[in-house]
*Asks:* 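For reference, the structure I am asking about is given below.
In the text below, chain A, chain B and the rest are named by the order of the sequence lines, each starting its count at 1. Just so it is clear, the structure is predicted and the values come from calculations on it, not from any experiment.
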Amino acid sequence: MNSTKTFYVTTPIYYVNGMPHIGHAYTTILADVLARYHRAQGDDVFFLTGVDEHGQKIQQAAEDAGVEPQEQCDRMALHFKNAWEKLEISYDFFMRTTADFHKKAVQDVLQDLWDKGEIYEHEYGGYYCVGCERFYTTKELVDGKCPQHLKKPEFIKEKNYFFRMSKYQEWLVNYINENPGFIQPESRKNEVLGFLNGALEDLCISRPKSRLSWGIELPFDKDFVTYVWFDALLNYVTGIGYKQDEDRFDKWWPADYHLIGKDIVTTHCVYWPTMMKAAGIPMPKTIFAHGWWMVDATKMSKSLQNIVKPLDLVDKYGVDPVRYYLIRDMVLGQDANFSEEMFIKRYNSDLANDFGNLASRIATLIRKNFGNNIPKGNNPGLDEREIQTNGEKLPKEVQKLISEMRLNEAIETILSYVRSINRYMEMKAPWKLVKTDHEKAGLVLYTAAQGFCIAAKLLEPVMPGKICSVLSIFPLKSENESWGNLISGEELKEFQILFPRIQAAPDKPAPEKNMKTDEDSLNLISIDEFFKAKLITAKILEAEKVLGTSKLLKLQIDTGSDTRQIVAGIAEYYAPEQLIGKTIVAVVNLQPAVIRGIESNGMLLAAKKGKQLQLITTSDSIEPGASVG
RNA sequence: GGCGGAGUAGCUCAGUCGGUUAGAGCAGCGGAAUCAUAAUCCGCGUGUCCGGGGUUCGAAUCCCUGCUCCGCUACCA
């Protein structure tokens, strides 16, 4: 309420030569979570994201699609906007580098730099590969040929414009050293300093139109367009009014966070700061590079498209749990592993069991015993006070962790409070207490409900949709997370299960684990039941070991009607090469399973006793796809 | 090759300006309870803190060295 702070956060603007993927989504969700936290704290927030639309690849993509570049960009921009809508991204402005105001502002900056002598013209000769559409240094050439196309590049002379980046090298090194928080995490800072150990060269910031026309024209030479990075980086300032509305710009700048992926550290930590320095723009507070989501460490063969795509989980399980998982399971700065299995574990234990179920039990108890009216919270005892005190401390703790970019720990802290409420419930057992001391039971439920609301409120930036809907059933005085804002005597609206447990775990390998359970029970089955399993002969086409496992082989089998992949735990008994060509018996209508990140669509049959295992094969040759039974 | 980061319980990670029996969550095992989404709660960890040296009264934490993984960078002149 008092002095409103401003908070300006950016994502990179994404290059529109491809569809939105997990990398784009993650950075954007991260920015969104930060933006929402700061809004909830009462800060004045500006959240900028968008797309980068100029350059060679865009022009090429448009040509391939047979449309004008602008149309190609319009289409792609829409894909990104739609994706962000689906992911509940609350950006304040969606930047497009083809917007007139941006082009004009970029030209203004270029003109200034030109006038100040920060940009100069230079003609040089170089080896240019038409296939790659780029110059190579002599060192890069292999036998005088382009390493990509193995063709001899042409030596051409070309004029271009260069930004005097090199003259800021020393300044930049000092700046980075004097401002330890400027580049985070520290490992990236060191990386940049390492890069700056070598001589920094001037940056070519133009492209002749004869080669590339899709870009922002240089104001001082209409035969050239601006190099796409130079154009793109400036979005961080043009998007908030630079060279258009200085008041607006001054309000937001310098940015609190430029969030980036670790792949674009150099552009953001070298090009961009020197550009700003030359243009007289103050430095942003922090450039933060996060790691990557590794999807299935064991890379699958490209022919198969059965990889679980992270964004597919949104369709399957909803946005909020996916946002929760992404924020909870990545330690910022490090890489993280993505798998549906880990997602489901996280979802079930945190969201369904701890958080959702707590709401459910509170709601049911209030409904059954208090006619759906929030009971009174009078005369709190020691235990109640403890829940209250911890609940009152929680927002500060969370805020601190977030300011340190330890979002995973912030979430864990909130969840640990939720667990403490579950413990409190267990200790007080209001379902029993209600029979002997109705008022005390009411106090317990009030305390639990109020604590729950505080925790929920703090999770809202991560799961805006779900939290909004669960909080809306509680009668609350205010939007903040203060103790006592839950109103006694008012109605608790109808509760609906928030996060239904996900039952089917994607990977249920455990083929041998069942051995100790009652396998010898004499259950007889009907012949119909037997034929539920569709058994056929199949031919093994390919076999390879699953890396990092001792027992697993990945097989491609011909079932007569299709070629499919199965994972079999037989590596200790068969080498991959001795399997190829064998005709085996397989169950082909099993539910698919993901085992060690690899999808398995079926199961082969083998006989096993003790340490022996033999595949079930056919004695004579028979076509793949023959029925077995 | 150089620089940097990482290597802690089955899994994901805390902890490290040296100091009590090294922690959390998840998974697993045993039990209690039954308001709740077969959810919850309680109890259970003989971990070579990557290996080897060293400094120290004392090291996961500092130094040296080796190994593995990752990143950046440079490349067999």
*Asks:* Say we look at B/U48 and B/G52: how far apart would their P atoms be, to the nearest angstrom?
*Replies:* 11 Å
*Asks:* Run the salt bridge (charged side-chain N to carboxylate O under 4.0 Å, His left out) test against A/Lys457 and tell me which residues pass, sequence neighbours left out.
*Replies:* A/Glu460, A/Glu479
*Asks:* Not counting sequence neighbours, which residues clear salt bridge (charged side-chain N to carboxylate O under 4.0 Å, His left out) with A/Asp383? List them please.
*Replies:* A/Lys428
*Asks:* One character per nucleotide, please: for nucleotides 2-9 of chain B, 5' to 3', B when the base has a protein heavy atom closer than 4.0 Å, S when only the sugar-phosphate does, - otherwise.
*Replies:* --S-----
*Asks:* I'd like to know whether the aromatic ring centres of A/Phe163 and A/Tyr271 sit less than 6.0 Å apart in this structure.
*Replies:* no
*Asks:* Polar pairs (N or O, both sides) under 3.5 Å between protein and nucleotides 32-38 of chain B?
*Replies:*
{"from": "B/C35", "atom 1": "O3'", "to": "A/Lys368", "atom 2": "NZ", "distance (Å)": "3.4"}
{"from": "B/C35", "atom 1": "O2", "to": "A/Arg361", "atom 2": "NE", "distance (Å)": "3.2"}
{"from": "B/C35", "atom 1": "N3", "to": "A/Arg361", "atom 2": "NE", "distance (Å)": "3.4"}
{"from": "B/C35", "atom 1": "N3", "to": "A/Arg361", "atom 2": "NH2", "distance (Å)": "2.6"}
{"from": "B/C35", "atom 1": "N4", "to": "A/Arg361", "atom 2": "NH2", "distance (Å)": "3.0"}
{"from": "B/C35", "atom 1": "N4", "to": "A/Glu426", "atom 2": "OE2", "distance (Å)": "3.4"}
{"from": "B/A36", "atom 1": "OP1", "to": "A/Lys368", "atom 2": "NZ", "distance (Å)": "3.0"}
{"from": "B/A36", "atom 1": "O3'", "to": "A/Ser360", "atom 2": "OG", "distance (Å)": "3.3"}
{"from": "B/A36", "atom 1": "O2'", "to": "A/Asn357", "atom 2": "OD1", "distance (Å)": "2.3"}
{"from": "B/A36", "atom 1": "O2'", "to": "A/Ser360", "atom 2": "OG", "distance (Å)": "3.1"}
{"from": "B/A36", "atom 1": "N3", "to": "A/Asn357", "atom 2": "ND2", "distance (Å)": "3.2"}
{"from": "B/A36", "atom 1": "N3", "to": "A/Arg361", "atom 2": "NE", "distance (Å)": "3.2"}
{"from": "B/U37", "atom 1": "O2", "to": "A/Phe499", "atom 2": "O", "distance (Å)": "3.1"}
{"from": "B/U37", "atom 1": "O2", "to": "A/Arg501", "atom 2": "N", "distance (Å)": "2.9"}
{"from": "B/U37", "atom 1": "N3", "to": "A/Phe499", "atom 2": "O", "distance (Å)": "2.8"}
{"from": "B/U37", "atom 1": "O4", "to": "A/Gly356", "atom 2": "O", "distance (Å)": "3.1"}
{"from": "B/U37", "atom 1": "O4", "to": "A/Asn357", "atom 2": "N", "distance (Å)": "3.4"}

*Asks:* Give every donor-acceptor pair under 3.5 Å between a side-chain atom in residues 283-294 of chain A and any protein atom, sequence neighbours left out.
*Replies:*
{"from": "A/Lys285", "atom 1": "NZ", "to": "A/Asp256", "atom 2": "OD2", "distance (Å)": "3.0"}
{"from": "A/Thr286", "atom 1": "OG1", "to": "A/Gly181", "atom 2": "O", "distance (Å)": "3.2"}
{"from": "A/His290", "atom 1": "ND1", "to": "A/Ile260", "atom 2": "O", "distance (Å)": "3.3"}
{"from": "A/His290", "atom 1": "NE2", "to": "A/Thr27", "atom 2": "OG1", "distance (Å)": "3.4"}

*Asks:* Scan A/Asn408 against the nucleic acid and name what it touches under 4.0 Å (heavy atoms): base, sugar-phosphate only, or nothing.
*Replies:* nothing
*Asks:* To the nearest Å, how far apart are A/Asp329 CG and B/C13 P?
*Replies:* 8 Å
*Asks:* Searching all strands shown, indicate the nucleotide that pairs with B/G1 (Watson-Crick or G-U wobble; both distances under 3.5 Å).
*Replies:* B/U73
*Asks:* What pairs with A/Lys316 under salt bridge (charged side-chain N to carboxylate O under 4.0 Å, His left out), at least two apart in sequence or on another chain?
*Replies:* A/Glu340
*Asks:* Round to a whole Å and report the spacing from CZ of A/Arg328 to P of B/C13.
*Replies:* 10 Å
*Asks:* Is the centre of the A/Tyr325 ring less than 6.0 Å from the centre of the A/Phe338 ring?
*Replies:* yes
*Asks:* Strictly by Watson-Crick or wobble contacts shorter than 3.5 Å, is anything paired with B/U34, and which nucleotide is it?
*Replies:* none
*Asks:* B/C50 and B/C3: how far apart are their P atoms, nearest whole angstrom?
*Replies:* 22 Å
*Asks:* Using atom C1' of each nucleotide, how far apart are B/A27 and B/C67 to the nearest Å?
*Replies:* 30 Å
*Asks:* How long is the line joining CZ of A/Arg406 and P of B/A24, in whole Å?
*Replies:* 18 Å
*Asks:* What is the pairing partner of B/G58, taking Watson-Crick or G-U wobble pairs with both distances under 3.5 Å in any strand?
*Replies:* none
*Asks:* Taking the six-membered ring for Trp, are A/Tyr26 and A/His21 closer than 6.0 Å centroid to centroid?
*Replies:* no
*Asks:* Nearest heavy atom decides the nucleotide; on that basis, is A/Ser420 or A/Thr266 closer to the 5' end of RNA chain B?
*Replies:* A/Ser420
*Asks:* Which pairs, with at least one residue in residues 189-201 of chain A and sequence neighbours excluded, count as a side chain to side chain donor-acceptor pair (under 3.5 Å)?
*Replies:* A/Arg188-A/Glu191
*Asks:* Which value, rounded to the nearest 0.5 Å, describes the distance between A/Thr266 atom OG1 and A/Phe195 atom CZ?
*Replies:* 5.0 Å
*Asks:* Suppose you measure atom P in B/C49 against the same atom in B/A60; what distance do you get, rounded to whole Å?
*Replies:* 7 Å
*Asks:* If a pair satisfies ring-ring contact (aromatic ring centres under 6.0 Å, His included) and one of its residues is in residues 406-431 of chain A, list it, with sequence neighbours excluded.
*Replies:* none
*Asks:* Could you identify the nucleotide paired to B/A6, looking across every strand shown and requiring Watson-Crick or G-U wobble geometry with both distances under 3.5 Å?
*Replies:* B/U68
*Asks:* Return the value, rounded to whole Å, for the distance between atom CD of A/Glu412 and atom P of B/G25.
*Replies:* 8 Å
*Asks:* Taking the nucleotide of RNA chain B with the nearest heavy atom to each, does A/Asp263 or A/Asn348 sit closer to the 5' end?
*Replies:* A/Asn348
*Asks:* For the C1' atoms, the ones on B/C63 and on B/A77, what distance do you get once it is rounded to whole angstrom?
*Replies:* 35 Å
*Asks:* Going by the salt bridge (charged side-chain N to carboxylate O under 4.0 Å, His left out) test, which pairs reach into residues 429-455 of chain A, not counting sequence neighbours?
*Replies:* none
*Asks:* Which whole number of Å gives the distance between the C1' atom of B/C41 and that of B/U34?
*Replies:* 11 Å
*Asks:* Partners of A/Lys493 by salt bridge (charged side-chain N to carboxylate O under 4.0 Å, His left out), sequence neighbours excluded?
*Replies:* none
*Asks:* Partner lookup for B/C44, please. Criteria are Watson-Crick or G-U wobble with both distances under 3.5 angstrom; report none if nothing qualifies.
*Replies:* B/G28
*Asks:* Figure out the CD1/P separation between A/Ile344 and B/G25, and round it to whole Å.
*Replies:* 23 Å
*Asks:* Which whole-number value in Å describes the distance from A/Ile502 CD1 to B/A39 P?
*Replies:* 13 Å
*Asks:* Could you tell me the separation between the OH atom of A/Tyr347 and the C1' atom of B/G25, rounded to a whole number of Å?
*Replies:* 19 Å
*Asks:* Rounded to the nearest Å, what distance is computed from the CG atom of residue A/Leu332 to the P atom of nucleotide B/U12?
*Replies:* 18 Å
*Asks:* For B/A14 and B/G47, measure between their C1' atoms and round to the nearest Å.
*Replies:* 15 Å
*Asks:* Considering only atom C1', compute the distance from B/C76 to B/U16 and round it to an integer number of Å.
*Replies:* 39 Å
*Asks:* Quick test of your reading: applying side chain to side chain donor-acceptor pair (under 3.5 Å), list the pairs with at least one residue in residues 351-373 of chain A, sequence neighbours left out, ordered by first then second residue.
*Replies:* A/Asn353-A/Arg501, A/Asp354-A/Arg419, A/Arg361-A/Asn422, A/Arg361-A/Glu426
*Asks:* Give, ordered by number, those residues of residues 382-396 of chain A having at least one heavy-atom distance below 4.0 Å to an atom of RNA chain B; if nothing qualifies, reply none.
*Replies:* none
